[in-house]
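Worksheet: the structure to be examined is printed underneath.
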Amino acid sequence: MRTDPPRAAVIGAGPSGFYTAEQLLAAGFEVDLIDALPTPYGLVRAGVAPDHAKIKSVTRMYARIAARPGLRFFGGVEFGRDITRDELLDRFHAVVYAVGAADDNRLGIPGEDRPGSHPATEFVAWYNGHPDFADHGFGLSARRAVVIGHGNVALDVARMLVSDPAELARTDIADHALRALVRSAVREVVVLGRRGPAQAAFTHPELRELGELSRADVLVDPAEAEPDAHSAAWLASGAAGPTARRNVETLREYARRAPAGKTHRVVLRFARSPVEILGGADGSVSGLRIMRNRIEAGADGRPRAVPTGEEEVIGCGLVLRSIGYRGRPLPGVPFDGHRGVIRNAGGRVLGADGAPSPGEYAVGWIKRGPSGVIGTNRKDAADTVARIAEDAAAGALNSPGRPDAGEVAAWLAGRVPGLVRWDGWEAIDRHEIGLGTPLGRPRVKLVRRSELVGVAHGEPGVQTG
Ligand code: NAP
């Protein structure tokens with residue numbers, strides 16, 4: 001009879017990975033938390049906007065989880081390049097994919113890939129110092145930018161484009177982004193939603209925050225702020241949730257506001273779909289052709305946008321497409337290409353025959369799609385870990401050939417010369433905070449993999465000044 005604790009690998013050290021690790025430890029597992037980056041925390045480090053410091057403080061709780069006996073961190077290990085699914089299944093009783101959603105949705109309209117048209121997800125990764133995006137450039141010489149989509153990511157990127165760099169300089173924004181934003185010519189950001197004010201996906205505090213920016217007015221056309229008849233009836237019926245009701249009230253208030261004459265502005269537009277991204281003589285973005293929609297009840301009762309045929313062109317030099325993240329398939333792991341998630345039932349990965357693949361699980365965005373806030377992933381992790389515990393009780397976990405913690409550490413060290421362990425991350429953390437403190441900043445992020453790995457292994461790293 002085996003008495004050693006069962007061993008789990010959690011792939012991805014973002015919020016879902018940490019919540020899963022926490023609950024697996026509580027269920028008696030030993031956990032190896034593996035991430036492609038040398039740093040932990042996923043979208044809390046590389047996604048949450050720099051001016052949302054309070055949201056980022058959740059990392060203190062993750063650090064306490066990392067300190068618990070039974071948990072080990074291995075950073076800089078890329079699934080599919082450094083290690084494979086079969087190799088993991090040879091070593092762990094359970095493998096949990098917590099890799100999030102690395103790709104972006106596509107609009108599928110002409111001109112989408114012109115220079116000057118970017119997924120908002122790349123702009124977010126760039127200003128947050130994700131090493132893979134440190135050398136990206138964005139057309140900040142344009143006076144007008146258009147952000148397509150009405151979710152919280154769209155509001156984040158709009159806010160970053162018009163915020164005062166002096167305020168951003170007190171955050172952990174990547175230095176390259178701060179320098180570029182100081183020089184930015186962008187004065188107006190149009191945020192375009194295909195449906196009406198009652199269907200916007202942003203949450204209410206984020207919408208309110210947009211109206212409180214120090215150097216940008218927020219503008220809403222009163223005609224566009226009014227919900228269509230169908231949505232108005234839905235709001236009046238009480239069936240609408242509090243977010244939709246509050247958003248509509250706030251948008252009406254914005255529509256009544258007289259602009260304060262600030263240097264920058266954010267214009268929220270509704271019921272307009274992009275039809276084509278237009279180009280100038282050099283092929284780069286010169287404008288956006290949009291179509292007015294009317295809102296109708298879809299077959300499922302959900303309000304949908306129906307094109308009216310009425311078009312207009314918005315001149316702009318930068319387009320950020322913020323229409324949602326999308327999961328990226330992992331080599332060898334069953335994938336539902338339609339939904340952009342790992343094929344799973346309640347977190348149990350399903351093989352080609354539709355039956356659960358023993359010992360393989362998914363959690364977070366790669367399990368359910370890119371929705372919800374950070375805390376949503378705690379409940380989601382609890383659901384997946386409950387399935388793992390059921391399978392453990394039923395003797396239905398994976399049966400690895402070599403479930404040995406020492407062998408795993410040696411295997412990973414052999415595969416990844418610059419492997420970063422938790423103490424290495426703590427060295428990076430101290431170094432970044434040390435660079436930030438004299439500048440009154442929470443940290444100055446290192447954005448080069450080589451530098452991150454070097455500091456993790458005791459090299460002196462960069463100095464500011
Ligand atoms: P999201 O909330 O799903 O919003 C996506 C937006 O894109 C929606 O307005 C959607 O409109 C629109 N869209 C989709 N396809 C489109 C198309 N073909 N043409 C035009 N518009 C299209 O996604 P997100 O903003 O990427 O955010 C992802 C998740 O992270 C969300 O749960 C969000 O709340 C969360 N998040 C939270 C924060 C925060 O708490 N501060 C910050 C960032 C992100 P339809 O509704 O019409 O489909």
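Side chains are part of it too, since the values below use all heavy atoms of this structure and drop only hydrogens, waters and symmetry mates. Both counts, for ligands and for their atoms, begin at 1 and track the order of listing.
Here the closest heavy-atom approach between residue Gly347 and residue Lys367 is recorded as N-CE, 3.7 Å. Contact record, Leu318 with Leu140: CD2-CD2, 4.0 Å, taken as the closest heavy-atom pair. The two residues Ser322 and Ala120 make their nearest non-hydrogen contact at CB-CB, 3.6 Å.
An N or O contact shorter than 3.5 Å is missing between Asp156 and ligand 1 by distance.
Here the heavy atom of the protein found nearest to atom 25 (O) of ligand 1 is Val153 N, 3.1 Å. Residue, atom and distance of the protein heavy atom nearest to atom 8 (C) of ligand 1 are His150 N, 4.0 Å. With hydrogens left out, the protein atom closest to atom 35 (C) of ligand 1 is Gly372 O, 3.6 Å, a heavy atom. Closest to atom 30 (O) of ligand 1 among all protein heavy atoms lies Trp365 CZ2, 3.6 Å. The protein non-hydrogen atom at the shortest distance from atom 37 (C) of ligand 1 is Asn152 ND2, 3.5 Å. Shortest contact from atom 41 (N) of ligand 1 to any protein heavy atom: Glu206 OE2, 3.0 Å. Regarding atom 22 (C) of ligand 1, its nearest protein heavy-atom neighbour is Ile323 CG2, 3.3 Å. Annotation: atom 46 (O) of ligand 1 to nearest protein heavy atom, Arg195 NH2, 2.9 Å.
Across Val218, Val220, Leu219, a single residue satisfies side chain to side chain contact (heavy atoms under 4.5 Å, CB included) together with Arg257, and that is Val218. When the options Asn344, Thr376, Asn377 are evaluated for a side chain to side chain donor-acceptor pair (under 3.5 Å) with Arg368, the one that passes is Asn377.
Heavy-atom proximity to Ser371, at under 4.0 Å, picks out these atoms of ligand 1: 32 (O). Listed by number with element, the atoms of ligand 1 under 4.0 angstrom from any heavy atom of Pro370 are 28 (C), 29 (C). Atoms of ligand 1 found under 4.0 Å from any heavy atom of Ala201 (numbered from 1 in listed order, with element): 2 (O), 4 (O).
Residues Phe73 and Trp425 place their aromatic rings such that the two centres sit no closer than 6.0 Å. Remark: aromatic rings of Phe79 and Tyr97 are close, center separation under 6.0 Å. A distance of 6.0 Å or more separates the ring centres of His176 and Tyr127.
Taking 4.0 Å as the cut-off, Ser322 counts as a neighbour of ligand 1 on heavy-atom distance. Heavy-atom separations between Leu107 and ligand 1 include at least one value shorter than 4.0 Å. Contact annotation: Ser273 has no heavy atom less than 4.0 Å from any atom of ligand 1.
Side-chain polar atoms of Arg159 and His52 form a donor-acceptor pair below 3.5 angstrom. Side-chain polar atoms of Asn247 and Thr250 form no donor-acceptor pair below 3.5 angstrom.
Proximity of atom 10 (C) of ligand 1 to the protein is not indicated, since no non-hydrogen protein atom lies closer than 4.0 angstrom. Remark: atom 3 (O) of ligand 1 lies closer than 4.0 Å to no protein heavy atom.
Counting only distance, with no hydrogens or angles, the side chain of Arg252 and the backbone of Ala225 share no donor-acceptor pair below 3.5 Å.
Counting heavy atoms under 4.0 Å from ligand 1, residue Arg194 touches it through the side chain alone.
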